[in-house]
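Only this structure's heavy atoms are used, side chains among them; waters, hydrogens and symmetry mates stay out.
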Amino acid sequence: MAKARKHQISLNVTTCYHCVSRCVRRAYLCGEDSHTGKSYEHRRKWVEERLLQLASVFAIDIYAYAVMSNHLHVVLNVNTQQAQTMTSREVCERWHQLYKGTLLTQRYLNNESLTKQELDAVDEKLELWRKQLHDISWFMRALNEPIARQANAEDECTGRFWEGRFTSQPLLDERAIIACMVYVDLNPIRAKIADNPENSDHTSIQSRVKAFQKQQLQPAALAPFIGSFSEPNVNQAGIYFELSDYLLLVDWTGRAVRSDKRGSLDQDLSPILDRLGMSTDLWLQLTQKFGEKTGGLTGAYEKAKVAAMVLGYQRVPRASQNRHYFS
């Protein structure tokens, strides 16, 4: 029996999650439908643009994403500090970028005079929106619903476009996060719709590579890489890894995946895997088939054990895999 979403996502366990949404109909989300011959490639841009818009509204950072033919991968991190420090007005402005809000919140933004009772009602609504602006379920809802409406209008039909629930996988430590990001970024290469990361359209890795090539270093809509995990900057939100190391890791892994061979270990790559505590063989197994090799709580076994207790599991899901890949 499936667990309720509130028992799958807990910020007391981790703030980072791998989420997947899949289409429910035979018709593809994007690409070309082999059954009808119709192309839906333009929809990939719909999803990517909406995803990046939400990154500027929600207090949720996008670590990685890949828009595929009939499903979407996204690695998200809830930025609780940002949510807590937003002013009431900023909360209201952000929410109104997506939704109409209420008559009172519209008047509040227009600096109209409000009674004490009306201000209390506004404050109550803004506190609710503050919670929703760092809620992954609300993020995925704000992403999927407009895409479903657009696709249904284009297909001249009604009903569900996405499966009723998106899947969410807790990522408990740095190794799990980086491995999942690489797995997501290399989805088009494994699916044989791209031959290298920079040509993987509608993915976070393509966005990062393009920015790096233009010497912008970090795409504004994505969570930045901020350096060493061993000496984190607690005042800056982001991914505790060097961007250059990550690009090298994705490139090497992508070449190994594309050639269907283990390949040789680049001398520059060895320290990266050493730091992550991963052998070459384990790394390639994990990043080529992350979904098959992991499931549920993903990370070091001891962390998974604590997380299982918090979430009310009677045992650690797939404990042997966690011990094998993250020990």
Determine the minimum heavy-atom distance between [X] and [Y], stating which atoms define it.
X: C92; Y: L126; value: CB-CD2, 3.6 Å
X: E174; Y: Y240; value: OE2-O, 2.9 Å
X: A223; Y: I239; value: O-CD1, 3.8 Å
X: R208; Y: I62; value: NH2-O, 4.1 Å
X: L172; Y: V13; value: CD2-CG1, 3.6 Å
X: L286; Y: A179; value: CD2-CB, 3.6 Å

Aromatic plane relationship, H73 with H18 - under 30° parallel, 30 to 60° tilted, over 60° perpendicular: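 Judged by the thresholds at 30° and 60°, the geometry between H18 and H73 is parallel.
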
[X] side chain vs [Y] backbone, donor-acceptor pair below 3.5 Å:
X: R89; Y: L109; result: yes
X: T14; Y: L171; result: yes
X: R44; Y: D201; result: yes
X: N187; Y: Y183; result: yes
X: Q169; Y: Y17; result: no
X: T115; Y: E118; result: yes
X: Q218; Y: F225; result: yes
X: R50; Y: A142; result: yes
X: T298; Y: T294; result: no
X: R94; Y: V57; result: yes

What distance do [X] atom [atom1] and [Y] atom [atom2] have between them, rounded to the nearest 0.5 Å?
X: S320; Y: Y301; atom1: OG; atom2: OH; value: 10.5 Å
X: I205; Y: D251; atom1: CD1; atom2: CG; value: 9.0 Å
X: L186; Y: R255; atom1: CG; atom2: CZ; value: 11.5 Å
X: N12; Y: S10; atom1: CG; atom2: OG; value: 4.0 Å
X: E93; Y: S88; atom1: CD; atom2: OG; value: 11.0 Å
X: L297; Y: L311; atom1: CG; atom2: CG; value: 6.0 Å

Beyond-backbone contact of [X] with [Y], side-chain heavy atoms, under 4.5 angstrom:
X: K116; Y: D120; value: yes
X: F290; Y: V182; value: no
X: Q150; Y: R43; value: no

Should the heavy atoms of other residues, nucleotides or ligands under 6.0 Å from CD of Q97 be counted, would the total exceed 12?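 Yes.
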
Should the pair D135-K131 be classified as a salt bridge under the 4.0 Å nitrogen-to-oxygen rule? no

Can R130 and E127 be counted as an ion pair, charged N to O under 4.0 angstrom? yes

Give a yes or no on whether [X] and [Y] share a hydrophobic cluster (residues Ile, Leu, Val, Met, Phe, Trp, Tyr; joining criterion: side-chain heavy atoms under 4.5 Å apart).
X: L103; Y: V91; result: no
X: V20; Y: I136; result: no
X: V306; Y: V316; result: no
X: W129; Y: L11; result: yes

Between [Y] and [X], do the side chains contain a donor N or O and an acceptor N or O under 3.5 Å apart?
X: S200; Y: Q206; answer: no
X: D185; Y: T203; answer: no
X: T105; Y: H96; answer: yes
X: E48; Y: Y65; answer: yes
X: H134; Y: Q81; answer: no
X: S207; Y: S204; answer: no

Can you check side-chain contact (heavy atoms from CB on, under 4.5 Å) on Y63 and L76, steps first, answer last? CA-CA 6 Å; Y63 278 14; L76 301 172; over 6 Å; no

In chain order, what residues pass the side chain to side chain donor-acceptor pair (under 3.5 Å) check against Q84, with sequence neighbours excluded? none

Ring centers of W95, W138 separated by less than 6.0 Å: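 Here the rings of W138 and W95 have centres that are less than 6.0 Å from each other.
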
Check against side-chain hydrogen bond (donor to acceptor under 3.5 Å, both in side chains), D123 and Y108: CA-CA 10 Å; D123 288 340; Y108 170 78; 5.9 Å; no

